[in-house]
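This report concerns only the one structure given below.
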Amino acid sequence: MTKVRFAPSPTGYLHIGNFRTALINFLYARNKNGHFMLRIDDTDDERSQIKYEHAIKEDLDWMGINWDSLEKQSSRLFYYDQALEKLLDKKRAYPCFETPEELSLKRKRQLSSGKPPIYDRTALHLSDSDIADFKAKGIRPHYRFLLDHSDVNWNDLVKGPSRYNMSNLSDPVIIREDGKVIYTLASVVDDIDFEITDILRGEDHMTNSAAQIQLFEALEASPPNLGHLSLLTDISGAGLSKRIGSLSLRDLKAEGFQPMAISSLLSKVGTSDSVDIFKDINQITFDFDIEKFGKSKPKFDKNELKFLNSKYFKLLDFEDIYDQLKNFNFEVTSGFWELVKDNIENIKQIETWWHIIYGKIKPVYNDTDFIKTCLQNLPNGNFNENTWSIWTSNIMKVSGRKGKDLYNPLRLCLTGQSRGPEMATLVLLMGRKKIIERLSLNDL
RNA sequence: GGUCCCUUCGUCUAAUGGUUAGGACACCGCCCUUUCACGGCGGCAAUACGAGUUCGAAUCUCGUAGGGAUCACCA
């Protein structure tokens with residue numbers, strides 16, 4: 001069975017970039033009737049915070065991404081130590097005693113003399129007595145994984161046949177001086193233990209993956225299928241992570257964006273499918289195919305998100321949106337929703353139209369004589385679906401106006417807006433009293 | 001600086017050696033509605049640059065330019 005995982009570290013809120021990875025993993029699993037695991041990578045306890053873990057779950061929940069199982073790396077530390085022992089036995093791990101300062105100095109020197117900043121394996125050549133000396137002095141080792149300096153080949157789910165030569169990489173540190181595990185090892189141990197079949201993540205993990213393939217093999221497991229998605233950029237082509245700005249899921253929610261607008265965009269941008277709105281995540285699951293993702297960097301355009309948001313409302317019946325509608329402090333009726341749903345791009349605009357139709361606004365009068373004529377010709381009796389056309393043709397006869405000259409001033413006066421929903425229905429909802437109020441020019 | 005990856009309409013992309021280089025969104029126009037919006041129809045618009053291979057190149061090769069990623073005792 002296909003089994004994937006989304007493995008965020010709880011060091012911040014989910015943003016558009018890492019949520020996209022979550023979404024793609026989710027869709028991939030659902031499409032194959034597989035298993036989607038949420039794994040909290042909280043091995044770095046200096047940066048990890050429980051509040052972020054809660055926030056990540058909340059946000060995924062809001063987006064309709066449900067996980068089939070949950071794991072936390074902080075509860076699995078024993079297994080990582082076990083893995084280290086195994087690697088030590090096989091001489092694929094070795095203790096090192098350099099301080100971080102030494103290492104960073106070394107890197108700087110290499111860089112300034114035009115060399116790649118790769119660890120020189122000094123510690124690999126330490127004798128047993130050297131090691132004993134360090135330990136006697138109370139210096140605790142950190143451990144590195146010994147890379148095999150050969151080509152690592154894999155067939156990437158997104159990038160196709162891929163190759164990386166390991167001599168371009170430092171032996172990765174896998175256990176810190178304080179005994180805590182590093183991501184590179186923890187991730188592989190978990191992927192083996194939980195029998196992850198496919199890993200989909202950003203292309204920033206490309207070289208990690210190459211090293212991890214060797215780690216899988218050193219731990220006598222076969223590596224899962226690997227797929228590296230091109231990273232989203234902003235509209236100018238710059239990396240998204242650099243402008244943390246307003247792109248967290250929480251901010252997007254606060255701005256009124258709908259989960260399906262976000263998911264629709266994020267699941268299609270960068271693929272050979274056209275970007276369009278979907279009412280339900282299952283519709284996206286159905287024809288999801290990782291092969292459709294291209295190799296070049298897709299751009300995230302907030303305007304596109306706005307457009308999808310407005311398109312989403314048009315898809316919804318009253319019942320579909322009722323849960324959100326009841327959060328307003330006035331009662332939105334089905335008729336009201338049907339009237340305005342084609343004319344909003346944000347749920348907040350419900351409030352604007354509510355005030356226009358039932359509340360108090362500042363009408364726009366640009367032709368007071370004409371407005372008086374309109375008021376005088378308002379039909380008597382109860383309003384019905386013909387009222388608007390009877391009314392406007394009366395005005396036409398009396399004033400001689402038609403088309404734009406007739407409708408624009410009337411719309412402006414009644415709604416204060418130059419654009420908006422169908423007037424025939426709007427007038428019906430607004431009612432006689434409110435119309436007379438608007439046309440009475442009291443605010444002049 | 002080393003290594004890896006990317007470059008087709010404004011944007012996302014299709015076309016795995018032969019197409020009028022296709023679609024979607026945006027934009028523009030027309031229609032609908034005796035108004036605008038919504039909706040429907042149509043139009044504009046691209047192979048980064050330079051060589052090479054080939055009867056034929058967006059597609060293969062090399063170079064140039066631009067962009068990105070990575071090179072942590074973070075994940």
Side-chain angles (χ1 to χ4, degrees), chain A residues 7-12 18 41-44 46-48 73 96 98-101 103-104 107 110-119 140-144 156 159 162-170 172-184 186-187 201-208 210 228 230-231 233 235-239 241 265 268-276 292-301 303-304 307-308 310-311 314 340-344 389 392-393 396 401-412 415 417-424:
Chain A
S9 62
T11 55
N18 49 21
D41 281 12
D42 54 352
T43 51
D44 182 353
E46 278 152 40
R47 300 196 311 147
S48 295
Q73 291 193 319
C96 305
E98 296 91 345
T99 63
E101 294 72 33
L103 290 172
S104 121
R107 272 195 298 273
Q110 286 169 313
L111 229 30
S112 63
S113 63
K115 288 190 196 120
I118 295 172
Y119 178 61
R140 298 190 56 182
H142 58 279
Y143 293 88
R144 289 183 187 262
D156 197 278
K159 304 274 184 193
S162 302
R163 177 177 54 227
Y164 201 82
N165 191 290
M166 290 294 108
S167 52
N168 299 308
L169 244 45
S170 299
V173 173
I174 50 177
I175 300 285
R176 308 200 299 194
E177 184 188 345
D178 62 9
K180 289 191 185 114
V181 70
I182 291 287
Y183 160 81
T184 309
S187 184
R201 66 221 299 203
E203 69 178 338
D204 50 332
H205 283 279
M206 205 86 176
T207 53
N208 277 333
H228 295 90
S230 301
L231 263 21
T233 71
I235 203 70
S236 73
S241 56
L265 179 61
K268 293 299 183 188
V269 73
T271 74
S272 52
D273 287 333
S274 52
V275 172
D276 200 1
K292 291 178 182 170
F293 284 82
K295 296 189 209 172
S296 58
K297 291 169 284 298
K299 292 191 168 72
F300 174 78
D301 184 353
N303 286 324
E304 210 161 359
F307 175 76
L308 290 176
S310 67
K311 251 185 140 175
K314 300 185 214 311
V340 301
K341 72 178 192 181
D342 287 342
N343 284 272
I344 56 172
S389 73
T392 50
S393 45
M396 206 187 318
R401 296 196 189 203
K402 57 180 182 179
K404 216 173 253 183
D405 292 336
L406 189 159
Y407 291 99
N408 262 339
L410 202 45
R411 175 183 283 282
L412 277 168
T415 70
Q417 309 278 321
S418 56
R419 56 163 63 180
E422 197 57 52
M423 285 304 283

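Residue numbers begin at 1 in each chain, while the letters A, B, ... track the order of the sequences.
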Looking across every strand, which nucleic acid part, if any, lies under 4.0 Å from [X] by heavy atom: base, sugar-phosphate, or nothing?
{"X": "A:Lys180", "result": "nothing"}
{"X": "A:Tyr143", "result": "nothing"}
{"X": "A:Lys341", "result": "nothing"}

Complementary nucleotide for [N] - Watson-Crick or wobble, under 3.5 Å:
{"N": "B:C9", "answer": "none"}
{"N": "B:A72", "answer": "none"}
{"N": "B:G18", "answer": "B:C55"}
{"N": "B:U35", "answer": "none"}
{"N": "B:C27", "answer": "B:G43"}
{"N": "B:A48", "answer": "B:U64"}

[X] [atom1] - [N] [atom2] separation (whole Å):
{"X": "A:Asp156", "N": "B:C4", "atom1": "CG", "atom2": "C1'", "answer": "12 Å"}
{"X": "A:Asn165", "N": "B:U3", "atom1": "CG", "atom2": "C1'", "answer": "9 Å"}
{"X": "A:Lys115", "N": "B:U3", "atom1": "NZ", "atom2": "P", "answer": "15 Å"}
{"X": "A:Lys314", "N": "B:G40", "atom1": "NZ", "atom2": "C1'", "answer": "14 Å"}
{"X": "A:Asn303", "N": "B:A26", "atom1": "CG", "atom2": "P", "answer": "11 Å"}
{"X": "A:Arg411", "N": "B:U34", "atom1": "CZ", "atom2": "P", "answer": "13 Å"}
{"X": "A:Asp276", "N": "B:C25", "atom1": "CG", "atom2": "P", "answer": "7 Å"}
{"X": "A:Met423", "N": "B:C36", "atom1": "CE", "atom2": "C1'", "answer": "10 Å"}

Considering only atom [atom1], compute the distance from [N] to [M] and round it to an integer number of Å.
{"N": "B:C60", "M": "B:G67", "atom1": "C1'", "answer": "24 Å"}
{"N": "B:U35", "M": "B:C30", "atom1": "P", "answer": "14 Å"}
{"N": "B:G2", "M": "B:U19", "atom1": "C1'", "answer": "42 Å"}
{"N": "B:C12", "M": "B:U47", "atom1": "P", "answer": "16 Å"}
{"N": "B:C6", "M": "B:U13", "atom1": "P", "answer": "13 Å"}
{"N": "B:C41", "M": "B:G50", "atom1": "C1'", "answer": "43 Å"}
{"N": "B:U53", "M": "B:A21", "atom1": "P", "answer": "25 Å"}
{"N": "B:A48", "M": "B:A15", "atom1": "P", "answer": "16 Å"}

| What's the shortest heavy-atom distance between A:Asn408 and A:Ser418, and which atoms? | OD1-O, 4.4 Å

Side-chain donor or acceptor of [X] paired with backbone N/O of [Y] under 3.5 Å:
{"X": "A:Lys268", "Y": "A:Ser274", "answer": "no"}
{"X": "A:Ser230", "Y": "A:Lys295", "answer": "yes"}
{"X": "A:Thr415", "Y": "A:Leu412", "answer": "no"}
{"X": "A:Asp42", "Y": "A:Pro10", "answer": "no"}
{"X": "A:Ser113", "Y": "A:Gln110", "answer": "yes"}

| message | Would you say that more than 12 heavy atoms from the other residues, nucleotides or ligands in this model lie under 6.0 Å from the NZ of A:Lys404, or not? | response | no

| field | Heavy-atom neighbours of A:Lys115 NZ exceed 12 at 6.0 Å | value | no

Give every pair of a protein N or O atom and an N or O atom of nucleotides 11-14 of chain B that lie under 3.5 Å apart, one pair per line with the distance.
{"from": "B:C12", "atom 1": "OP1", "to": "A:Lys299", "atom 2": "NZ", "distance (Å)": "3.2"}
{"from": "B:C12", "atom 1": "O3'", "to": "A:Gly270", "atom 2": "N", "distance (Å)": "3.4"}
{"from": "B:C12", "atom 1": "O2'", "to": "A:Gly270", "atom 2": "N", "distance (Å)": "3.0"}

| request: Go along nucleotides 70-75 of chain B 5' to 3' and tag each nucleotide: B for a protein heavy atom under 4.0 Å from its base, S when only backbone or sugar atoms are that close, - otherwise. | output: SBSBBB

| request: Mind checking ring-ring contact (aromatic ring centres under 6.0 Å, His included) for A:Tyr183 and listing every partner two or more places apart, or none if nothing turns up? | output: A:His205

| task | Please tell me which of A:Ser418 and A:Lys311 maps to the more 5' nucleotide of RNA chain B, matching each residue to the nucleotide holding its nearest heavy atom. | result | A:Lys311

| task | Calculate, to the nearest 0.5 Å, the distance between atoms NZ and CG belonging to A:Lys297 and A:Leu231 respectively. | result | 9.0 Å

| Cationic N near anionic O, under 4.0 Å, A:Asp178 to A:Arg176 | yes

